[in-house]
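Take a look at the structure set out below.
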Number of protein chains: 2
Amino acid sequence: MKKVSESTIARLSVYLRLLTELAAAGVTTLASGELARRCGTSAAQVRKDLSFFGTFGKRGLGYSVPELTEALRGILGLERRWRVALIGAGKIGAALMAYQDFRRQGFDIVAVFDADPARVGTEWQGLVIQRDADLETSLQGIDIAIVAVPASAAQGVVNRVVAADVRAILNFAPTKLDVPEHVAVKTVNMALELEGLSYALVNEARGARRVTSRPAASRG
Amino acid sequence: MKKVSESTIARLSVYLRLLTELAAAGVTTLASGELARRCGTSAAQVRKDLSFFGTFGKRGLGYSVPELTEALRGILGLERRWRVALIGAGKIGAALMAYQDFRRQGFDIVAVFDADPARVGTEWQGLVIQRDADLETSLQGIDIAIVAVPASAAQGVVNRVVAADVRAILNFAPTKLDVPEHVAVKTVNMALELEGLSYALVNEARGARRVTSRPAASRG
DNA sequence: GTTTGTGAAACGATTCACAGCT
DNA sequence: AGCTGTGAATCGTTTCACAAAC
């Protein structure tokens with residue numbers, strides 16, 4: 001098969017979200033140009049992204065909204081439901097538990113773990129928080145682990161998650177994780193995004209003052 | 001003027017986090033290879049990233065941890081503190097408020113807004129939730145707006161944020177935002193990350209080849 | 001000896017442009 | 001006519017490789 005970049009997959013998710021919205025609004029057909037405009041990319045990009053997986057459009061007409069929706073759901077593996085375990089019942093964990101949108105998209109949080117004995121046994125959104133010590137056994141049948149523990153604990157937790165044969169991890173700890181090649185990891189790092197904004201702000205200011213436009217001295 | 005990619009800036013943040021950790025552990029000197037290994041990238045990438053901003057190392061020796069730390073803080077604009085407003089006091093907002101790490105990195109949440117009259121006036125982590133209607137006036141002096149409102153409300157909020165002359169936005173709404181060119185936007189989209197994991201899982205099952213990836217994990 | 005800084009090469013992703021359907 | 005699908009061209013990023021510095 002072919003190699004598909006992560007950015008293509010990310011865009012497919014964005015396309016799918018728009019299509020779902022349009023379908024609810026009764027739109028039945030859509031051209032790549034309009035899809036691109038609404039998703040912040042280009043028509044050629046849309047067509048190239050889709051071309052990795054097949055041909056879904058009708059020349060002269062565009063794409064059928066329900067058909068493309070189904071195709072994207074299939075490509076992204078959203079035709080089934082995924083069993084998700086949340087590890088770490090702190091603030092981030094609480095926000096995730098409450099965020100019902102995940103369930104709507106096919107991700108069911110079916111287990112919650114925490115290392116704090118004071119939290120273990122309490123009920124949370126209909127789930128009883130389990131002991132961290134039970135991770136290995138209780139992760140049977142789990143597809144995706146959400147790691148929402150402090151950075152210092154993350155690698156240890158991940159090692160145990162991997163040992164339990166979970167092959168996908170959504171990581172909220174601001175740290176690099178070592179995992180075997182067959183395990184997929186996505187990291188959400190809000191501090192990093194904020195620092196990107198900080199850079200943009202100072203850089204805009206520096207650029208306006210043209211401080212950086214001075215030619216570099218001859219290099220040695 | 002130099003053009004630096006967003007991935008370079010993201011990596012600089014990662015380098016800085018490691019350096020801060022190493023400095024606390026008393027490490028004084030570090031070579032690009034070791035920095036790269038600990039951050040999941042390559043030595044050449046580290047040196048190229050830094051080279052956009054100057055020369056910071058000593059040949060034959062490596063980098064001074066405190067000096068490079070200071071340099072990175074300067075590049076990323078972290079030598080000052082930033083005034084952040086949180087718009088939307090729901091679950092995500094609550095998690096962000098509680099996440100003290102932002103403050104430690106120089107980002108102070110100094111105002112909170114919500115559209116729900118039941119929430120307005122309540123105190124939250126030492127801040128009184130303000131009326132959404134007061135956004136325009138109360139955003140004076142704010143550097144960064146965190147948008148944590150439903151997708152359907154996000155563009156409207158963003159328009160008002162931009163009108164209030166805020167030039168950086170951290171967006172948690174799963175929707176495309178239109179902003180003028182001089183406004184920087186970073187989006188955090190957890191559903192999208194989960195769908196990326198879903199794709200990885202079904203794709204592995206389908207026996208397809210690996211997705212091209214960024215600073216992937218795993219090395220030995 | 002070691003390690004940096006950097007042009008040049010290699011690689012990967014995006015955009016172009018047009019043939020081929022509807 | 002309008003729009004897709006795709007090879008070719010372009011653009012940007014990463015890796016290579018080595019001279020210069022310590």
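Using modelled atom types, one side-chain atom of A/Gln155 and one backbone atom of A/Asp178 make a donor-acceptor pair closer than 3.5 Å. Remark: side-chain polar atoms of A/Thr8 are not paired, donor with acceptor, to backbone N or O of A/Asp49 under 3.5 angstrom. Here the side chain of A/Arg167 pairs no donor or acceptor atom with the backbone of B/Ala200 at under 3.5 angstrom. With A/Arg83 contributing its side chain and A/Gly141 its backbone, the two residues share a donor-acceptor pair below 3.5 Å.
When all heavy atoms are compared, the tightest approach of B/Leu35 to B/Val46 is CD2-CG1, 3.8 Å.
Side-chain N/O atoms of A/Gln45 include none lying less than 4.0 angstrom from OP1 or OP2 on C/dA13. In this model, the phosphate group of C/dT4 is approached by a side-chain N or O of B/Ser32 to a distance below 4.0 Å at OP1 or OP2. B/Ser51 has no side-chain polar atom (N or O) that falls below the 4.0 Å cut-off from OP1 or OP2 of C/dG5.
Separating the CZ atom of B/Phe52 from the P atom of D/dT13 is a distance of 8 Å, rounded to the nearest angstrom. When the P atom of D/dG12 is taken as reference, atom CD of B/Glu6 falls 14 Å away, rounded to whole Å. Across the protein-nucleic acid pair, A/Ile9 atom CD1 and C/dA13 atom P stand 11 Å apart, rounded to whole Å. The CG atom of A/Asp49 sits 10 Å away from the C1' atom of C/dA13 (whole-angstrom rounding). In this structure, B/Leu35 places its CG atom 13 Å from C1' of C/dT4, rounding to the nearest Å. Computed from coordinates, the A/Arg11 CZ to C/dA13 C1' distance equals 8 Å when rounded to whole Å.
The side chain of B/Thr55 has C/dG5 as its nearest neighbour among C/dG5, D/dG12, C/dT15.
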Inset, instruction - For side-chain contact (heavy atoms from CB on, under 4.5 Å), just list the numbers for B/Glu6 and B/Lys186, CA-CA rounded to whole Å, side-chain angles, deciding distance to a tenth of an Å, and then say yes or no. - result: CA-CA 11 Å; B/Glu6 290 200 8; B/Lys186 298 271 180 182; 3.3 Å; yes
Check nucleotides 16-18 of chain D for protein N or O atoms closer than 3.5 Å to its own N or O atoms and list the pairs.
residue, atom, partner, partner atom, Å
D/dA17, N6, B/Arg47, NH2, 3.3

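Test A/Thr69, A/Leu50, A/Thr29, A/Thr28 against A/Tyr63 for side chain to side chain contact (heavy atoms under 4.5 Å, CB included) and you get one pass: A/Leu50. The only member of A/Leu139, A/Ile146, A/Leu177 that meets side chain to side chain contact (heavy atoms under 4.5 Å, CB included) when paired with A/Val161 is A/Leu139.
The pair B/Glu79-B/Arg73 fails the salt-bridge criterion, with no side-chain N (NZ, NE, NH1 or NH2) lying under 4.0 Å from an Asp/Glu carboxylate O.
Within the 4.0 angstrom heavy-atom criterion, only backbone atoms of the sugar-phosphate kind lie near A/Ser7; the bases stay farther away.
Residues of residues 57-65 of chain A having a heavy atom closer than 4.0 Å to DNA chain D, listed by number: A/Gly57, A/Lys58, A/Arg59, A/Gly60, A/Leu61, A/Gly62, A/Tyr63.
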